Structure formats: structure tokens, C-alpha cells
Amino acid sequence: MLSVAVDKTSFVFPTLLKRIGWKVVLLLLLFLPFQFNIYHRMNLPNHFLWVDEIFIVFAFTLFLFILLHQGKISKDANRIFTSLLFFSIIGIVSGLFNFNSFAITTNGIFDYIKNFLAIPVFCLFSVTEKKVSGLYKILHRLALFLCLVAILQVIAFFLGLPLSKIGFPFAAVRFGLPRTPSLMGHYNIFGLYALFFFTLDFSLYRRIRWQNLLLALGVFLSISRMVWVAFFLVILIFLLRKKSMPAFILFLVGLLLMVISVAPFLGHTALEMGSGGGYFRGYALSKSLEIWRDHPLLGVGPGMYGGIVSLVFNSSIYALYDFSPYWFNYIESIGSLDQFLPQIMAEMGLLGVLSFGFLLFTLWRIARKASLVATGHFRKEMLFGFSIIPIVLALYLLGSGLNLTAFLLTYSVLFGMVLGMKNENTAC
């Protein structure tokens with residue numbers, strides 16, 4: 001049965017196309033961490049930021065062509081595709097219920113799921129472990145390089161060099177330290193990228209190495225509170241897996257010390273999320289809840305509030321709910337609400353929140369189950385690492401946004417490839 005599937009795939013992907021496609025994927029994944037920095041420094045048009053969207057649309061179109069040709073896909077790819085389809089259906093129903101433009105609705109849905117579409121697509125690649133391992137090693141070294149750059153940025157900061165000259169598109173200092181973006185344009189994305197490769201590295205080797213220590217330092221230097229919490233959660237998951245009581249006690253002591261050290265700053269965080277108009281997050285949250293109360297089940301429709309699509313299509317929701325011109329200009333400057341949960345609640349209501357939660361649960365469950373039945377060390381441990389990422393993402397999205405292409409698309413491509421690897425007696 002496997003040989004038939006491979007032959008059919010070879011018909012759709014001739015050898016030359018496979019080689020070209022592989023190089024395109026490699027170049028894209030190497031390019032994504034630098035995309036925003038290149039765009040910012042060279043003052044390029046906004047179309048430059050569409051590279052990943054164009055790639056995803058092309059790859060997913062190819063996926064649908066293969067699906068029509070073969071008639072079926074693997075169980076794991078099908079489950080992920082079904083969960084994405086279910087989320088999309090909820091979004092379409094929401095758009096129809098609110099009589100929104102089909103263009104706004106479809107673009108709004110795509111903005112939510114675009115990075116996850118790569119998972120079922122690359123599950124079809126059916127490449128060898130050697131090739132997937134080689135790609136992982138290249139990206140792992142890139143992550144280490146970005147962490148080294150972050151260290152140099154901190155040193156340069158304390159030497160008094162201008163932040164704009166050392167890779168900071170905007171200045172941000174927290175706890176007396178600069179929030180280092182490395183070369184990725186944003187400190188949160190850098191922190192998640194470093195955490196992603198820390199998770200995979202620790203899962204593969206199950207011990208402390210200079211590589212994962214450097215990646216952990218990268219997580220710390222991002223000075224992102226949500227990424228820090230996610231990092232401690234990752235450590236906790238590994239400790240629970242190892243079942244070592246001394247290590248678990250040491251972890252709790254370290255966690256307690258961290259909480260004590262950041263406790264003075266928690267009051268400011270609470271103030272940011274308050275309902276007053278003095279802080280953007282609090283104001284945006286209060287407006288989101290106001291919209292959600294009027295549209296609790298299906299929201300006002302995807303693409304209508306909080307995301308880049310609502311800005312491109314000049315959504316009427318902002319005027320309808322008397323959104324502050326001052327804070328609306330701020331949204332335009334950063335391109336989104338930068339708060340996932342308030343946005344999806346307002347746009348897609350309770351059903352949208354639940355369907356997205358189901359998508360994350362599906363990603364966790366498939367990776368976890370596949371890791372339990374995998375026989376090869378590389379595939380087994382990589383899949384265990386991938387099973388942690390939806391948990392990290394769910395935690396992170398409680399306080400921030402989904403505009404995380406460099407991190408999410410890298411995760412999705414690698415996850416899809418590991419799921420679809422050859423020579424493994426698995427469901428995929």
C-alpha cells in the first residue's frame with residue numbers, strides 16, 4: 001500500500017520538481033527569521049511581507065491537487081485538515097450570519113489558519129529521516145546563531161551603542177535589560193523561536209548541553225513574560241516525563257525565586273490589562289468584550305475586528321463601537337490588536353474560540369500518539385517535542401497575538417515532515 005502512495009506522489013512530484021521544491025522550502029525557512037528586519041531596514045513595500053502567504057497558498061493548492069489525484073491522505077494529515085476545515089466552516093457561518101463580504105470572511109479565516117496549513121501539506125512529502133534531520137540541523141544552527149547575536153546586542157546596549165544600529169527596530173527595556181529581538185524584528189518571536197529549538201534539542205538529547213543552554217539564554221534575553229512562563233512549563237513537562245524528585249524540587253525552587261524577582265512588576269501588568277483608557281491592552285480588551293457581549297456565539301465575523309484584514313478592508317466595526325481614534329491609529333501602526341483571545345472572541349464568538357482550541361488539542365494529541373508508537377529515536381523524540389508546542393502556543397495566546405510566522409511556519413513545516421517521514425510503521 002505504501003509503494004502505491006509513493007508512486008502516485010512521484011507522478012505528481014517529478015524528481016526535478018521535488019529537488020526544486022526542497023530548495024525553496026529550505027531557503028524560505030532560512031529567510032523567515034530575517035524577513036521583518038530586511039523589510040524594515042530596506043524600507044521595502046508591504047508586498048515583501050507576503051512571501052510566506054504566497055508560499056502557503058501555492059503549497060496548499062498543490063496539496064488539494066494531490067488529494068484529488070490520490071483520493072485520500074494519511075489519518076493524521078486528514079485529522080489536522082478536518083480540524084482546520086471545521087474552524088473555517090465556523091468562520092464562514094459567522095460571516096454569513098453577519099452578512100459580511102465573502103472576501104473579508106475568507107481573508108480573515110486564512111489569517112488565522114495560514115501557518116497551520118503547512119502541516120498536512122508537508123505530511124505528504126514522505127521524505128527520509130536523513131533529509132528531515134539535515135533540515136533540522138541547519139535550522140538548529142540558525143537558532144544558535146540568532147541567540148549569539150542576541151548576546152552581542154545586550155553587550156552593545158551596555159556599551160552605550162544606539163539600539164537602532166544593533167538590530168533593534170524599536171527600543172524596549174524591561175527589568176533594566178533590553179528586550180532583544182536578535183535579527184527577527186520582534187523579541188516575542190525571537191523568544192518563541194529559541195524556545196521551539198530548545199524544546200526539540202532537549203527532547204532529542206535528554207540532557208543539558210551548551211546548545212540548549214544557549215537557546216535557554218535566548219529565551220531569557222527576549223524578556224517576554226509569556227515566553228518565560230512557557231519556558232518553565234516546558235521544563236516542568238520534561239521533569240514530569242523524567243520522574244526525578246530532586247530535579248522537580250530544584251525546579252520549584254527556581255520557579256519560586258523567579259516569581260519573587262518579578263513580583264514587583266506584576267502590578268504594572270495588571271494595570272495594563274485594566275479597563276481604563278490609559279493602556280492599549282486594557283482599552284482593546286474592554287472594547288473586545290463589548291463586541292463579544294453583543295455577538296456571543298459567532299462574533300462579528302472573521303476579518304472584521306482586530307487583525308490586519310480589518311484594517312485593509314476598512315471594517316465598519318471600529319466606528320460602530322466608537323473605537324478611540326488614538327488607539328485605532330496605534331493598531332494601524334502595529335498591524336493588529338496583538339491580543340489573540342480578545343480578537344477571536346469578538347470576531348468568531350464562543351464557537352470560534354472552541355474550534356481553535358480543538359485545533360490545538362488535535363495538534364497535541366496527534367504528535368503525542370505518534371511519538372508513543374514511533375520506533376526510531378529521532379522521530380519519537382522530535383514528535384514528543386512537537387507535542388509540547390501547542391501547549392506553549394495556547395499559553396502564549398492568552399496574552400499576545402498570532403502574528404508569529406517565523407516561529408509558526410517553521411514548526412508546521414518540520415512537524416508535517418516528521419509526521420510524513422518514510423520507513424516508519426506509523427499511521428502517517
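Because the structure is predicted, anything quoted here is derived from the model rather than measured.
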Exercise for the section: Determine whether the side chains of Tyr205 and Glu381 contain a donor N or O and an acceptor N or O closer than 3.5 Å. Expected result: no
Handout entry: Asp76 and Lys369: CA distance, side-chain angles, deciding distance, salt bridge (Lys or Arg N to Asp or Glu O under 4.0 Å) verdict
Key = CA-CA 10 Å; Asp76 289 338; Lys369 288 184 67 177; over 6 Å; no
Exercise for the section: Answer yes or no: is there a side-chain heavy-atom contact under 4.5 Å between Asn403 and Asp338? Expected result: no
Handout entry: Ser182 backbone acceptor or donor facing Thr180 side chain under 3.5 Å
Key = no
Practice task
Please report the C-alpha distance between Tyr330 and Tyr326 in whole Å, then the side-chain angles of each, then the deciding distance to 0.1 Å, and finally whether the ring-ring contact (aromatic ring centres under 6.0 Å, His included) criterion is met.
Solution key: CA-CA 7 Å; Tyr330 183 76; Tyr326 176 80; 7.7 Å; no
Handout entry: Pair Ile56-Leu409, side-chain contact (heavy atoms from CB on, under 4.5 Å): steps then yes or no
Key = CA-CA 9 Å; Ile56 292 167; Leu409 193 54; 4.1 Å; yes
Exercise for the section: Scan Leu200, Val234, Leu393 and name whichever one has a side-chain contact (heavy atoms from CB on, under 4.5 Å) with Ile388. Expected result: Val234
Exercise for the section: Output, in order, the C-alpha distance, side-chain angles, deciding distance and verdict of side-chain contact (heavy atoms from CB on, under 4.5 Å) for Asp52 and Leu32. Expected result: CA-CA 8 Å; Asp52 49 294; Leu32 283 177; 4.1 Å; yes
Practice task
Tell me yes or no: between the side chains of Tyr318 and Ser310, is some donor less than 3.5 Å from an acceptor?
Solution key: yes
Practice task
Measure the acute angle between the ring planes of Phe386 and Tyr411, then classify it against the limits of 30° and 60° as parallel, tilted or perpendicular.
Solution key: tilted
Exercise for the section: Using modelled atom types only, decide if a donor and an acceptor are shared between the side chain of Arg379 and the backbone of Leu419 within a distance under 3.5 Å. Expected result: yes
Completion exercise
For Leu311 and Ser336 the tightest heavy-atom approach is CD1-N, 4.4 Å
Practice task
Using a 4.5 Å cut-off on heavy atoms from C-beta on, say whether the side chain of Phe384 contacts that of Arg368.
Solution key: yes
Exercise for the section: Keeping the roles fixed (side chain from Glu347, backbone from Gly299), state whether a donor-acceptor pair exists under 3.5 Å. Expected result: no
Practice task
Taking Arg179 for its side chain and Ile223 for its backbone only, find out whether a donor-acceptor pair lies under 3.5 Å.
Solution key: yes
Handout entry: Minimal non-hydrogen separation, Leu402 against Tyr112, with atom names
Key = CD2-O, 3.4 Å
Handout entry: Matching residue for Leu117 among Ile119, Asn115, Ile113 - test: side-chain contact (heavy atoms from CB on, under 4.5 Å)
Key = Ile113
Handout entry: For the student: nearest non-hydrogen atoms of Ser387 and Trp364, plus distance
Key = O-CD1, 2.9 Å
Problem - Asn329 side chain vs Pro325 backbone, donor-acceptor pair below 3.5 Å - result: yes
Fill in the blank from the handout: Scanning both residues in full, the closest heavy-atom pair of Ser224 with Asn188 reads OG-OD1, 3.1 Å
Problem - Derivation of the ring-ring contact (aromatic ring centres under 6.0 Å, His included) call for Phe87 and Phe358 - result: CA-CA 9 Å; Phe87 178 84; Phe358 177 73; over 10 Å; no
Exercise for the section: Measure the shortest side-chain to side-chain distance between Thr128 and Met421 over non-hydrogen atoms and say whether it is less than 4.5 angstrom. Expected result: no
Exercise for the section: Inspect the surroundings of CD1 in Ile208 and state if more than 12 heavy atoms from other residues, nucleotides or ligands are less than 6.0 Å away. Expected result: no
Problem - Polar contact flag, side-chain donor to acceptor under 3.5 angstrom, Asn212-Arg207 - result: no
Practice task
Would you check if the side chain of His186 reaches a backbone N or O of Leu404 as a donor-acceptor pair within less than 3.5 Å?
Solution key: no
Problem - Expected output: side-chain Asn107 to main-chain Ala103 donor-acceptor under 3.5 Å - result: yes
Practice task
Kindly indicate whether the side chain of Tyr283, heavy atoms from C-beta on, has any atom under 4.5 Å from the side chain of Phe323.
Solution key: yes
